[in-house]
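Reckoned from all heavy atoms, side chains included, excluding hydrogens, waters and symmetry mates. Numbers here are sequence positions counted from 1.
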Amino acid sequence: MAITAGMVKELREMTGAGMMDCKKALTETNGDMDAAVEVLRKNGQAKAEKKSGRIAAEGLCRVAMDGDQKAAVVEVNSETDFVAKNADFQSFVEAVATQAVESDAADLDAFLGESWKEDSSKTVKEVLVEKVAVIGENLNIRRFEKVVAENGCVVSYVHGGGRIGVIVEAATNVVNDAIKEALTNIAMQVAALSPKYVSTEDVSEEYKAHEKEILMAQIAQDPKMAGKPEKVIEGAVAGRLNKELKEVCLLEQTYVKAEDGKQTVAQYLAQVAKENNAELSVKRFVRFETGEGLEKKEENFAEEVAKQMNA
């Protein structure tokens, strides 16, 4: 029986499996749709293992909240942006985030080995493997981080449909809508400007020393600084370092919504605290960006589909 593109499309929509896997299953079962579904289910794990070597650098970040004091952010990767937009994949990532906010796992291996909340007969890893078989791409739960506020609250922000996920933890004696709105604004700041530290007090001496070395090397190559006294050079290095720290430290950054274009994040938080008769400070933040630091595979999706259909 001739296997048509329409049949492959129908089976893919029924199972979410890869296009090539659907075509092979239909060929094996001579076009019997129900039998092809069974073939895909039975061969799922083997196919998942074959896909484990592929680059998974797309995907989504999601944040799950449990009240005002507990949150978790996760990053789950896929091979293509096409799959990242798939409703089944998105539901899975949401479930992983919910799992993470309820988990006491100290690291990723422990997290993958714990029982899946939606079906305790399986581990998180086993559910991931099953999802790989159904979706037809290599998937990877890359990382998670859980934040619990002991004396305050947490807020979250997800940008770009899941490209960036942020959690901000604050110490505060007042938790109301105004405070939460202000902290959400700060989470948006973290998403947009990607600071490395909360304040300059958090910057290690090793980091400062390393940056000073780089700045000294840059100045040594600057013709305008040639022959300048050592004191002048030291002053230039200090000035450039302070400027850099203002860019990488959240509280020293210019608040993105500042009406005067000058107000810092620290000044904005002080203003909000005063308006709400509150004590308010940012304790920490977590920022995940999808695919951050991963090598991304360049390919023409249309050509790949055509290649699979003609295989």
Item to check | Test side-chain contact (heavy atoms from CB on, under 4.5 Å) applied to S194 and R287, step by step | outcome: CA-CA 8 Å; S194 188; R287 182 187 188 275; 3.5 Å; yes
Item to check | Neighbour count >12 (heavy atoms, 6.0 Å) for atom CE, M225 | outcome: yes
Next on the checklist: Does any part of the side chain of V256, heavy atoms only, come nearer than 4.5 Å to the side chain of M188, both counted from C-beta?
Outcome noted: no
Next on the checklist: Quick check for you: to the nearest 0.5 Å, what is the distance between K23 atom NZ and M7 atom CE?
Outcome noted: 11.5 Å
Checklist entry - Could you state the interatomic distance from CG (L215) to CG (D222), rounded to the nearest 0.5 Å? => result 12.0 Å
Checklist entry - Given side chains that start at C-beta, do those of E252 and T200 come closer than 4.5 Å, heavy atoms only? => result yes
Checklist entry - Do V93 and V127 belong to the same hydrophobic cluster, where Ile, Leu, Val, Met, Phe, Trp and Tyr are linked whenever their side-chain heavy atoms lie under 4.5 Å apart, directly or via other members? => result yes
Item to check | Same apolar cluster (I L V M F W Y, side chains within < 4.5 Å links), F144/L128 | outcome: yes
Checklist entry - For N277, does the CG atom have more than 12 heavy-atom neighbours from other residues, nucleotides or ligands under 6.0 Å away? => result no
Next on the checklist: Could you tell me if the side chain of V83 sits less than 4.5 Å from the side chain of E58, heavy atoms only?
Outcome noted: no
Item to check | Distance, nearest 0.5 Å, that separates OG1 of T27 from CD1 of I3 | outcome: 4.5 Å
Item to check | Side-chain heavy atoms of M33 within contact of L26, under 4.5 Å | outcome: yes
Next on the checklist: Could you walk me through whether K122 and E130 satisfy the side-chain contact (heavy atoms from CB on, under 4.5 Å) test, starting with their C-alpha distance in whole Å, then the side-chain angles of each, then the deciding distance to 0.1 Å, before giving a yes or no?
Outcome noted: CA-CA 10 Å; K122 303 173 183 177; E130 289 180 356; 3.0 Å; yes
Next on the checklist: Check for me, please, whether I141 and F288 land in the same ILVMFWY cluster - side-chain distances under 4.5 Å, paths through other members count.
Outcome noted: no
Checklist entry - Roughly how far, to the nearest 0.5 Å, is the CD atom of E137 from the CD1 atom of I135? => result 8.0 Å
Checklist entry - Can you check whether T123 reaches L112 side chain to side chain, under 4.5 Å on heavy atoms? => result no
Extract all donor-acceptor atom pairs below 3.5 Å that involve side chains of residues 170-187 and protein atoms in other chains or at least two apart in sequence.
| residue | atom | partner | partner atom | Å |
| --- | --- | --- | --- | --- |
| T172 | OG1 | V174 | N | 3.1 |
| T172 | OG1 | V174 | O | 2.8 |
| T172 | OG1 | E279 | O | 3.0 |
| N173 | OD1 | E279 | N | 2.8 |
| N176 | OD1 | A178 | N | 3.1 |
| N176 | OD1 | I179 | N | 2.8 |
| N176 | ND2 | N276 | OD1 | 3.2 |
| K180 | NZ | D68 | OD1 | 2.9 |
| K180 | NZ | D68 | OD2 | 3.4 |
| T184 | OG1 | K180 | O | 2.8 |
| N185 | OD1 | K257 | NZ | 3.1 |
| N185 | ND2 | E181 | O | 3.4 |
| N185 | ND2 | Y255 | OH | 3.3 |
| N185 | ND2 | Y268 | OH | 3.0 |

What donor-acceptor contacts under 3.5 angstrom involve side-chain atoms of residues 227-249, with partners at least two apart or in another chain?
| residue | atom | partner | partner atom | Å |
| --- | --- | --- | --- | --- |
| N242 | ND2 | A238 | O | 3.2 |
| E244 | OE2 | Y207 | OH | 3.1 |

Checklist entry - Does atom NZ of K208 have more than 12 heavy-atom neighbours from other groups under 6.0 Å away? => result yes
Checklist entry - Would F89 and L60 count as a side-chain contact (heavy atoms from CB on, under 4.5 Å) if you check the C-alpha gap in whole Å, the side-chain angles of each, and the deciding distance to 0.1 Å? => result CA-CA 9 Å; F89 175 76; L60 292 172; 3.9 Å; yes
Checklist outcome for this item: One should read off an interatomic distance between L250 CG and R284 CZ, to the nearest 0.5 angstrom, of 13.5 Å
Item to check | Spacing of CG belonging to L269 relative to CD belonging to Q267, to within rounding of 0.5 Å | outcome: 10.5 Å
Next on the checklist: The test is side-chain contact (heavy atoms from CB on, under 4.5 Å); show your working for K131 and D88 and say whether it passes.
Outcome noted: CA-CA 9 Å; K131 194 60 63 175; D88 189 24; 3.3 Å; yes
Item to check | Short N-O contact, E292 and R143, less than 4.0 angstrom | outcome: yes
Next on the checklist: So Q99 and E114, do their side chains get closer than 4.5 Å, heavy atoms only?
Outcome noted: yes
For a quick test of your reading: what N or O donor-acceptor pairs under 3.5 Å do the side chains of residues 151-168 make, sequence neighbours left out?
| residue | atom | partner | partner atom | Å |
| --- | --- | --- | --- | --- |
| Y157 | OH | H159 | ND1 | 3.0 |
| R163 | NH1 | E289 | OE2 | 2.8 |

Checklist entry - Hey, mind stepping through K283 and E150 against salt bridge (Lys or Arg N to Asp or Glu O under 4.0 Å) and telling me if it holds? => result CA-CA 11 Å; K283 292 187 66 176; E150 296 180 359; 5.5 Å; no
Checklist entry - When hydrophobic residues are tied together by side-chain contacts of less than 4.5 Å, even through go-betweens, does V198 share a cluster with V286? => result no
Item to check | Same apolar cluster (I L V M F W Y, side chains within < 4.5 Å links), V101/V76 | outcome: no
Checklist outcome for this item: Which of L193, V190, T264 passes side-chain contact (heavy atoms from CB on, under 4.5 Å) with Q253? Answer is L193
Checklist entry - Is it true that the side chains of E275 and Q271 contain a donor and an acceptor less than 3.5 Å apart? => result yes
Next on the checklist: Using the rule given for side-chain hydrogen bond (donor to acceptor under 3.5 Å, both in side chains), can you reason through Q90 versus E94, listing the C-alpha separation, both sets of side-chain angles and the distance that settles it, and then say yes or no?
Outcome noted: CA-CA 6 Å; Q90 292 180 357; E94 294 281 359; over 6 Å; no
Checklist entry - Quick one: does E118's side chain have a donor or acceptor within less than 3.5 Å of a partner on A95's backbone? => result no
